[in-house]
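Structure record follows, encoded as structure tokens.
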Protein chains: 2
Amino acid sequence: MTTEHIIPRRRGRPPKRPEQSLQTRELLLRAGLEVLTEKGFSATGIDEILKRVGVPKGSFYHYFDSKEAFGAALIERYALYFAAKLDRHFGDLSKPALERLKSFVEDAGHGMARHDFRRGCLIGNLGQEMGSLPESFRAQLAAVFGDWQRRVADCLEAARSAGEVSAAVDCERSAAYFWIGWEGAVLRAKLERAPEPLEIFADGFFAGLRTG
Amino acid sequence: MTTEHIIPRRRGRPPKRPEQSLQTRELLLRAGLEVLTEKGFSATGIDEILKRVGVPKGSFYHYFDSKEAFGAALIERYALYFAAKLDRHFGDLSKPALERLKSFVEDAGHGMARHDFRRGCLIGNLGQEMGSLPESFRAQLAAVFGDWQRRVADCLEAARSAGEVSAAVDCERSAAYFWIGWEGAVLRAKLERAPEPLEIFADGFFAGLRTG
DNA sequence: TGTTTAACGAGACGAACGGTCTAATATGCG
DNA sequence: CGCATATTAGACCGTTCGTCTCGTTAAACA
């Protein structure tokens, strides 16, 4: 069901093939993303991730100083992965700016559907959990939202210049609004295991842009 | 800092004063709400709640069959508490319907501010955690949202009848939209420990109602 | 080619957790 | 008085958490 590379693992110092040497770390990160987007940080034990990829505990603490450090690495990776996704959509100048944003929304919806609405957004998940998370995560998570917001704001700005949305739209504020609501929609879609919350939010959001 | 009733607890069967006899259970529920709105279900241990109110474990398992049953009781109580809050605002016929909704939003914002934006919405918190929660919670949580949505939809309907919002507004859908986004705003306000997300969402939502 | 050192795998370890259980204590009731 | 009932008290068990120490293997250097 998941990334089940049961490549027989050798002990001792590995041969000098950099691609191979990063494999274990890579596997841990990938599995971590899968599990954490589904269950969050606190509810997930290291062992679960370990078992999933067939790596013993000792390896984990070789690659990461602690569960906290692992979490930070996951946030970083997820943020990057997502920023790339945004760029891919927003950079597609073959369509109008507003369409670019819509295509991201659609893509994200398909992504959730592909996992049966069981997985949400890592950043949203961890944000919700901040009450019990290392305080160092707070700034990191907020920064990620800031980054994503920037990108959406730019896209909206382009749409406004092109007259695709009302000139009265405050792009920065609308971008903030977008992520606030989108995360709510993802959360709700996960709860109901259904796409409707995403659709309802997207419809409402885009309708609002017509009038500012 | 919290409900620190350190009422000296007597062992043995208590005297027949029903108000007193429910006290321990009551204290557990109250403390549970405080902690779970802040940290969620998985991250919270029974012991933490117990210590907070100075109740030994034996009592806990006397009043609740399990942590799961305790969670279910908390959801029920929170849903009731919140429904009452909604009714209080929406039932205040001295102001226009839209104002009633706005006053709820304002009240909720003050509520979060009072706890320094450390506590969120229990239902939202648990919703996010569904990935690791007993499956029995899912229907219960969804039903709560359904109930709240109903109430908001009714309020919106009243506003529409009074011409306070565009006749084009789909009240049911807008109510769904409201809760989707509002939960996102609460989550974000908790993350940033600031009221802006609530304001941004509320502004955008109410603006959208003008045009439907 | 032999010794040292870096890189990694393996699993033992103590603390904490959820949950159960028995005992202790006090009241209600016949 | 004595038995049933309600509640507190906390020892206890199996699990799981995150950390740590050590063994094993290859690279590095001479």
Side-chain angles (χ1 to χ4, degrees), chain A residues 5-29 31-32 35-36 39-74 129 132-134 136, chain B residues 5-29 31-32 35-36 39-74 129 132-134 137:
Chain A
H5 302 209
I6 320 188
I7 294 169
R9 196 168 306 283
R10 301 170 51 199
R11 42 192 331 186
R13 181 171 181 162
K16 205 175 187 181
R17 279 166 301 167
E19 23 92 21
Q20 196 80 343
S21 101
L22 282 175
Q23 209 212 2
T24 301
R25 185 187 156 92
E26 193 58 32
L27 254 63
L28 288 172
L29 285 173
V35 183
L36 288 225
K39 316 201 321 174
F41 190 82
S42 311
T44 304
I46 303 282
D47 278 336
E48 180 177 350
I49 296 168
L50 259 21
K51 260 170 210 146
R52 196 183 263 245
V53 289
V55 167
K57 238 175 191 176
S59 299
F60 182 88
Y61 283 93
H62 173 67
Y63 290 106
F64 305 98
D65 285 345
S66 62
K67 196 189 180 191
E68 174 172 350
F70 182 59
L74 285 179
E129 289 187 79
S132 60
L133 258 42
S136 66
Chain B
H5 302 212
I6 320 187
I7 295 169
R9 197 168 305 283
R10 301 172 53 199
R11 44 194 327 187
R13 179 169 181 165
K16 205 174 188 179
R17 279 166 301 169
E19 21 94 23
Q20 198 80 341
S21 101
L22 283 174
Q23 210 212 3
T24 300
R25 187 187 155 91
E26 193 58 31
L27 253 67
L28 288 172
L29 286 173
V35 182
L36 289 228
K39 315 201 321 172
F41 190 82
S42 309
T44 303
I46 304 280
D47 279 336
E48 180 179 348
I49 295 168
L50 260 20
K51 261 169 209 146
R52 195 183 264 246
V53 289
V55 167
K57 233 175 192 176
S59 299
F60 182 89
Y61 281 93
H62 173 67
Y63 290 107
F64 305 99
D65 285 346
S66 62
K67 195 190 180 189
E68 174 171 349
F70 182 59
L74 285 179
E129 290 187 79
S132 60
L133 259 40
F137 283 9

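In this text the structure is predicted, and so the values were computed from the model without any measurement.
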Practice problem: Look at the side chain of Lys57(A) and the base of dG9(C), then say whether one donor and one acceptor between them are separated by less than 3.5 Å. | Solution: no

Quiz item: Side chains of Ile46(B) and Tyr61(B): closer than 4.5 Å at any heavy-atom pair?
Solution: yes

Quiz item: Does Lys67(B) make a cation-pi contact with Phe41(B) (under 6.0 Å, within 45 degrees of the axis)?
Solution: yes

Practice problem: Using atom CD1 of Ile49(A) as one end and atom C1' of dG18(D) as the other, report the distance to the nearest whole Å. | Solution: 12 Å

Quiz item: Would you say dA10(C) has OP1 or OP2 under 4.0 Å from some side-chain N or O of Ser59(A)?
Solution: no

Quiz item: Which is true for Ser42(A) with a 4.0 Å heavy-atom rule: it touches a base, it touches only sugar-phosphate, or it touches nothing?
Solution: nothing

Exercise. Kindly say if His62(B) contacts the phosphate of dT7(D), meaning a side-chain N or O under 4.0 Å from OP1 or OP2.
Key: yes

Exercise. Can you tell me the distance, in whole Å, between the CG atom of Leu28(A) and the P atom of dA7(C)?
Key: 17 Å

Quiz prompt | Main-chain N/O of Gly40(A) paired to Glu129(B) side chain as donor or acceptor, under 3.5 Å | solution = no

Quiz item: Looking at side-chain heavy atoms only, is the closest gap between Thr24(B) and Leu27(B) below 4.5 Å?
Solution: no

Quiz item: Using a cut-off of 4.0 Å on non-hydrogen atoms, how would the nucleic acid contact of Gly58(B) be classed: base, sugar-phosphate, or nothing?
Solution: base

Quiz item: To the nearest angstrom, how far is Lys51(A) atom NZ from dG11(C) atom C1'?
Solution: 13 Å

Self-check item: Distance in angstrom units between Phe41(A) CZ and dC17(D) P, rounded
Solution: 12 Å

Self-check item: Evaluation steps, side-chain contact (heavy atoms from CB on, under 4.5 Å), between Ser42(A) and Thr44(B)
Solution: CA-CA 9 Å; Ser42(A) 311; Thr44(B) 303; over 6 Å; no

Quiz item: Atom CZ of Phe60(B) and atom P of dG19(C): how far apart are they, to the nearest Å?
Solution: 8 Å

Quiz item: Please give, in whole Å, the distance from dG18(D) P to Glu48(A) CD?
Solution: 11 Å

Quiz item: How many Å lie between CZ on Arg25(A) and P on dA7(C), as a whole number?
Solution: 14 Å

Quiz item: To the nearest angstrom, how far is Asp47(A) atom CG from dC13(C) atom C1'?
Solution: 13 Å

Quiz item: Side chain of Tyr61(B): nearest nucleotide among dT8(D), dG18(C), dC20(D)?
Solution: dG18(C)

Quiz item: So which nucleotide from dC17(D), dG18(C), dT7(D) ends up closest to the side chain of Tyr63(B)?
Solution: dT7(D)

